[in-house]
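FYI, side chains are in, hydrogens and waters are out, and symmetry mates aren't considered; it's all heavy atoms of this structure. A, B, ... follow the sequence lines: proteins, then strands. Residue 1 opens every chain.
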Amino acid sequence: MTDPQLVLAEGVQRALAAAFGPEYAAEDPLIRPSQFADYQANVAMSLARRLGRAPREVAQVIADHIDIPGTVQISGPGFVNLTLADGWLAAQAAEQLADERLGVATEAQQTVVIDYSAPNAAKEMHVGHLRTTVVGDALVRVQEHLGHHVIRQNHLGDWGTPFGMLIEHLLDMGEEAAVAQLSAGEGNVYYQAARAKFDGDPDFSKRAKARVVTLQAEDPETMRLWHIFMNATIRYFNKVYTQLGVTLRDEDIAGESRYNAMLGQVCDDLQKRGIAVLSDGALCVFPPGFTGRENLPLPFMIRKSDGGYGYATTDLATIRHRVQDLKADRITYVIGATQALHMQMLFASARLAGWLPDEVRAEHVQIGSVLGSDGKMFKTRAGKSIKLLELLEEGEARAAAVVADRAYDEATRAEIAHAVGMGAIKYADLSVSHDSEYVFDFDRMLALTGNTGPYLQYATARIRSIFRRGEYDPAETRGPILLGHPAERALALQLLGFGAVVSEVGAASAPHRLCAYLFDTASAFTTFYDNCPVLKAGSEEDRQSRLALAALTLRVLTQGLDLLGIEVPERM
RNA sequence: GCGCCCAUAGCUCAGCCGGAUAGAGCAUCGGACUUCUAAUCCGACGGUCGGGGGUUCGAAUCCCUCUGGGCGCGCCA
């Protein structure tokens, strides 16, 4: 099974080498989708100057030397238009159908650490956490599918000064009542109550501060209370994960507390080696190239003047652990865009320290802020908090309303409602580029028309319906595939691009490109569906061919949606 | 003050390793159901790609500048 773009790129490269010499064999042929052909190569124009020849002439020479399974045409200032032969496309599509991996190549295995979700137990969990969770989980699925060894890391906020008041509040409430509230997802209420007492009750804040000290010292009774608090909170996180179909497990939790014991050593080591220096009593790294006010070097503070540690220290300890112990080749942080400066300084400091070697790729997949319908930063305000589980339930309820009049039984309807509701919410998060801001809008994310999860799910349901009605098995179709109608040809060409898109999504950590591809694929299919009767095809050959195209589409859509973490119901 | 990000159709967004008349969804308007699920499809309407300058055969894309937003900038995480 070969990717058309790859075949064409190699064809052009061979032509370049044959025409201009072997040093041009590695030249990027600049293959792009074309409105006048299947693809076009733009390399003739970029090469013209270097070769000292007219662009059109270069294009002609390429065309003269090219050997591809299709036709070549030169147009415009020097575009090389490439059109693949129908027979070749049909044969490739048949191969793709026979290929378990649908043309997705397995890459040389790397160990990829992906840091995502990471809700903070001492802060309100909000819709922004949904996004890093959903995007991170999609990246995990893509990397695993590409053959990499993926290590999920859920870097929970589970340590630090706020836990003093959280533990004291637990004592005030009583353990059972506190656990019930926390695991029910009422963390906001709990946190706000603790905060209010901390701010308004001097006796309470005194106790809370004292509790921080015993927590830092890992006093057994304090640790017991901390565990009670965290276990209840994690139970709530797991409810959200389960409901969403997120692959995070308890063993993926590697919260801040995990690194607590290493912080002193991290600071000592950096100070000893002169990488960190004291400044106004605080221990700081000043990575080169970062300046702030007055053009002064920006500090990456790893120990406060009172001896306490912040998240900079923890993050350094974490990066060291991931490289040295987890043997990461690549570390992906799926974290809010507002942290961009911190992440840059973290990477720079870790490189300085030698804990992040050049061979290890560290990337910050910036998650854009979640905005309210007013266009401002979405934040839960007192009394107006949106509980995540309720939000997910509302998604399901809205989806259920749409299938309410279907003749399915109760259980089937519930399954559909779940898949469609979660699919809608997740797809909304995934289909816009991860770093752009995201306007939170119930109606839009739950809309069942247009570029949405449900539209894609619906396409798969219609395909299954064809097979059900005709009593065929998608797994049994073999073709051969014939591309007589333009809609069939367009669909085949579209399907063959699957492998390229998946590897691109992995390389660039950009799941929205997979969404765009799947949407285009579903569109190509519905056009085919409208124009090319499958069961009522004019001939047995056409019927078998169209069944094969439908089966291939079904598998590509299902696989693609699975990589995004979106389930497909059998029927809708 | 300094740094980063953003500005594309009425709305929500793609496109940004430079390439042909800038795309999609929603909305609006007009068509298509005795037909494999019409939750669909086809068509129309709609943009000085925030302004200006530059590089280039060619700029939404690269560089400079201005305007308007957002975020961050030493003891929260």
Side-chain angles (χ1 to χ4, degrees), chain A residues 28 30 32 34-36 40 42 44-46 48-49 54-55 75-79 81 120 122-123 157 159-162 256 279-284 286 289-312 314-315 336-342 344-345 366 368-369 371 375-377 402-403 406 420 428 431-433 435-439 441 443-444 447-452 454-455 457-459 461-470 512-513 515-516 519-520 522-523 526-527 529-537 546-547 550 571-572:
Chain A
D28 184 349
L30 302 172
R32 303 283 185 266
S34 176
Q35 28 190 335
F36 304 104
Q40 64 188 48
N42 295 338
M45 291 171 291
S46 65
R49 172 154 306 186
S75 70
F79 298 105
N81 291 341
N120 195 320
K123 284 184 178 171
W159 204 251
T161 47
E256 291 170 351
S279 170
D280 292 338
L283 189 62
C284 303
F286 291 92
F290 294 89
T291 52
R293 267 187 247 279
E294 319 288 312
N295 237 4
L296 292 172
L298 260 187
F300 191 63
M301 188 180 301
I302 59 173
R303 195 180 63 213
K304 299 186 282 183
S305 55
D306 68 0
Y309 304 106
Y311 73 150
T314 312
D315 284 346
T338 58
Q339 298 294 322
L341 183 60
H342 168 76
Q344 280 181 38
M345 295 185 75
Q366 303 191 23
S369 302
L371 308 179
K376 292 185 178 171
M377 192 81 101
V402 178
V403 290
R406 303 270 156 157
V420 172
S431 58
V432 294
S433 56
D435 57 344
S436 68
E437 290 179 330
Y438 179 76
V439 176
D441 183 334
D443 291 329
R444 187 171 296 117
L448 302 179
T449 57
N451 184 12
T452 66
Y455 172 82
Q457 292 168 320
Y458 179 55
R462 291 170 105 188
I463 297 171
R464 286 204 162 97
S465 179
I466 295 172
F467 284 94
R468 229 180 354 255
R469 168 94 34 139
H512 78 283
R513 294 190 194 173
C515 293
F519 178 68
D520 288 343
S523 301
T526 48
T527 302
Y529 181 92
D530 271 21
N531 288 286
C532 305
V534 177
L535 299 176
K536 292 171 189 160
R546 288 172 183 176
L547 282 169
R571 54 187 86 200
M572 281 174 75

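- In this structure a side-chain-to-backbone donor-acceptor pair under 3.5 Å is present from T527(A) to S523(A).
- Contact annotation: the side chain of L298(A) never approaches that of F286(A) to less than 4.5 Å [non-hydrogen atoms, C-beta and beyond].
- With hydrogens and angles ignored, a donor-acceptor pair under 3.5 angstrom links the side chain of R406(A) to the base of U37(B).
- For S369(A) against G70(B), a side-chain-to-base donor-acceptor contact under 3.5 Å is absent.
- Listed pair T527(A) / C42(B) meets the phosphate criterion, a side-chain N or O lying under 4.0 Å from OP1 or OP2.
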Quiz prompt | side chain to side chain contact (heavy atoms under 4.5 Å, CB included) evaluation trace for S305(A) with D280(A) | solution = CA-CA 7 Å; S305(A) 55; D280(A) 292 338; over 6 Å; no
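- Residues C284(A) and F300(A) fail the side-chain proximity criterion, which asks for heavy atoms closer than 4.5 Å.
- Spacing between C36(B) and U28(B) at atom P, rounded to whole Å, works out to 28 Å.
- Considering only side-chain N and O atoms, R469(A) lies under 4.0 angstrom from the phosphate OP1 or OP2 of U37(B).
- Ring planes of Y311(A) and H342(A): parallel class, angle under 30° (limits at 30 and 60°).
- Neither OP1 nor OP2 of C75(B) sits under 4.0 Å from any side-chain N or O of S305(A).
- Of the candidates A39(B), C73(B), U21(B), U21(B) carries the atom nearest the F36(A) side chain, counting heavy atoms from C-beta on.
- OP1 or OP2 of U34(B) has not a single side-chain nitrogen or oxygen of K536(A) nearer than 4.0 Å.
- The side chain of R32(A) lies closest to C17(B) when the candidates are A20(B), C17(B), U40(B).
- Looking at which nucleotide of RNA chain B each of F79(A) and K304(A) is closest to, the 5′-most match is held by F79(A).
- Proximity of S433(A) to the phosphate of A14(B): a side-chain N or O atom is located under 4.0 Å from OP1 or OP2.
- The side chain of Y529(A) contributes no N or O atom lying less than 4.0 Å from OP1 or OP2 of U35(B).
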Self-check item: Check against side chain to side chain contact (heavy atoms under 4.5 Å, CB included), I463(A) and Y529(A)
Solution: CA-CA 9 Å; I463(A) 297 171; Y529(A) 181 92; over 6 Å; no
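- The partner of A59(B) is absent, by the rule that a Watson-Crick or G-U pair needs both atom distances under 3.5 Å.
- Pairing for C26(B) is with G10(B), a Watson-Crick or G-U wobble pair whose two hydrogen-bonding atom distances lie under 3.5 Å.
- Within the nucleic acid shown, A340(A) has no heavy atom closer than 4.0 Å to any nucleic acid atom.
- Atom OH in Y455(A) sits roughly 11 Å away from atom C1' in A24(B) (whole-Å rounding).
- Across the protein-nucleic acid pair, D435(A) atom CG and G70(B) atom P stand 19 Å apart, rounded to whole Å.
- Between U12(B) and C76(B), the two P atoms lie 38 Å apart (nearest whole Å).
- If you check G74(B), G23(B), A77(B) against the side chain of Q339(A), the one that comes closest is A77(B).
- Ranked by how close their nearest RNA chain B nucleotide is to the 5' end, N451(A) and W159(A) are led by N451(A).
- When rounded to the nearest whole Å, the span between CE of M45(A) and P of A20(B) equals 9 Å.
- Contact check, R49(A) against C57(B): a side-chain N or O comes under 4.0 Å of OP1 or OP2.
- The heavy-atom pair separating S431(A) from H512(A) by the smallest distance is O-CB, 3.5 Å.
- The side chain of E256(A) approaches A77(B) more closely than any other nucleotide in the set A14(B), U37(B), A77(B).
- Checking the phosphate oxygens (OP1, OP2) of C73(B), no side-chain nitrogen or oxygen of H342(A) falls inside 4.0 Å.
- The P atoms of G30(B) and C45(B) are separated by 15 Å, rounded to the nearest whole Å.
- Base engagement by L535(A) is indicated by at least one non-hydrogen atom pair under 4.0 Å involving a base atom.
- For the pair E437(A) CD and U8(B) P, the computed distance is 12 Å after rounding to whole Å.
- Using Watson-Crick or G-U wobble geometry with both donor-acceptor distances under 3.5 Å, C16(B) finds no partner in any strand shown.
- Taking atom OH on Y311(A) and atom P on G72(B), their separation rounds to 10 Å, with Å as the unit.
- Taking only distance into account, the side chain of S75(A) meets the base of A20(B) through a donor-acceptor pair shorter than 3.5 Å.
- In the set U37(B), A77(B), G74(B), U37(B) carries the atom at the smallest distance from any side-chain atom of R571(A).
- Ranking C75(B), A77(B), A14(B) by closeness to the A282(A) side chain, first place goes to C75(B).
- Using a 4.5 Å heavy-atom threshold, the side chains of M301(A) and S279(A) count as separate.
- Within 4.0 Å (heavy atoms only), N81(A) reaches at least one base atom of the nucleic acid.
- Comparing G51(B) with A77(B), their P atoms are spaced 44 Å from each other, to the whole Å.
- R571(A) contributes no side-chain N or O that, together with a main-chain N or O of S465(A), makes up a donor-acceptor pair within less than 3.5 Å.
- G160(A) comes within contact range of no nucleotide atom at all, as no heavy-atom separation falls under 4.0 Å.
- Of the C1' atoms belonging to U55(B) and C2(B), the separation is 28 Å, rounded to the nearest Å.
- Taking only side-chain nitrogens and oxygens, R468(A) never comes nearer than 4.0 Å to OP1 or OP2 of U37(B).
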Quiz item: Could you walk me through whether V403(A) and V420(A) pass the side chain to side chain contact (heavy atoms under 4.5 Å, CB included) check?
Solution: CA-CA 10 Å; V403(A) 290; V420(A) 172; 6.0 Å; no
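- Nucleic acid contact for P533(A): base, since at least one base atom lies under 4.0 Å from a heavy atom of the residue.
- Side-chain atoms of Y458(A) and base atoms of A39(B) include no donor and acceptor less than 3.5 Å apart.
- Distance CZ (F519(A)) to P (A24(B)): 10 Å, rounded to an integer number of Å.
- Across all strands, C532(A) comes closer than 4.0 Å to base atoms (heavy-atom distances).
- With distances taken from any side-chain atom of Q40(A) to the nucleotides C73(B), C41(B), A20(B), the minimum falls on A20(B).
- Taking 3.5 Å as the limit, the base of A14(B) and the side chain of D520(A) contain no donor-acceptor pair of atoms between them.
- What separates CE of M345(A) from P of G74(B) is a distance of 10 Å, to the nearest Å.
- With a 3.5 Å ceiling on both atom-pair distances, the Watson-Crick or G-U wobble partner of G1(B) is C73(B).
- Put simply, CG on N42(A) is 14 Å from C1' on A59(B), counting in whole angstrom units.
- One C1' atom belongs to C29(B), the other to A60(B), and the distance between them is 29 Å to the nearest Å.
- Using atom C1' as the reference point in both C17(B) and A59(B), the two lie 14 Å apart (nearest Å).
- The same atom, C1', is picked in G58(B) and in C16(B); the two are 16 Å apart, to the nearest Å.
- Taking side-chain N and O atoms only, S436(A) has a distance below 4.0 Å to OP1 or OP2 of A14(B).
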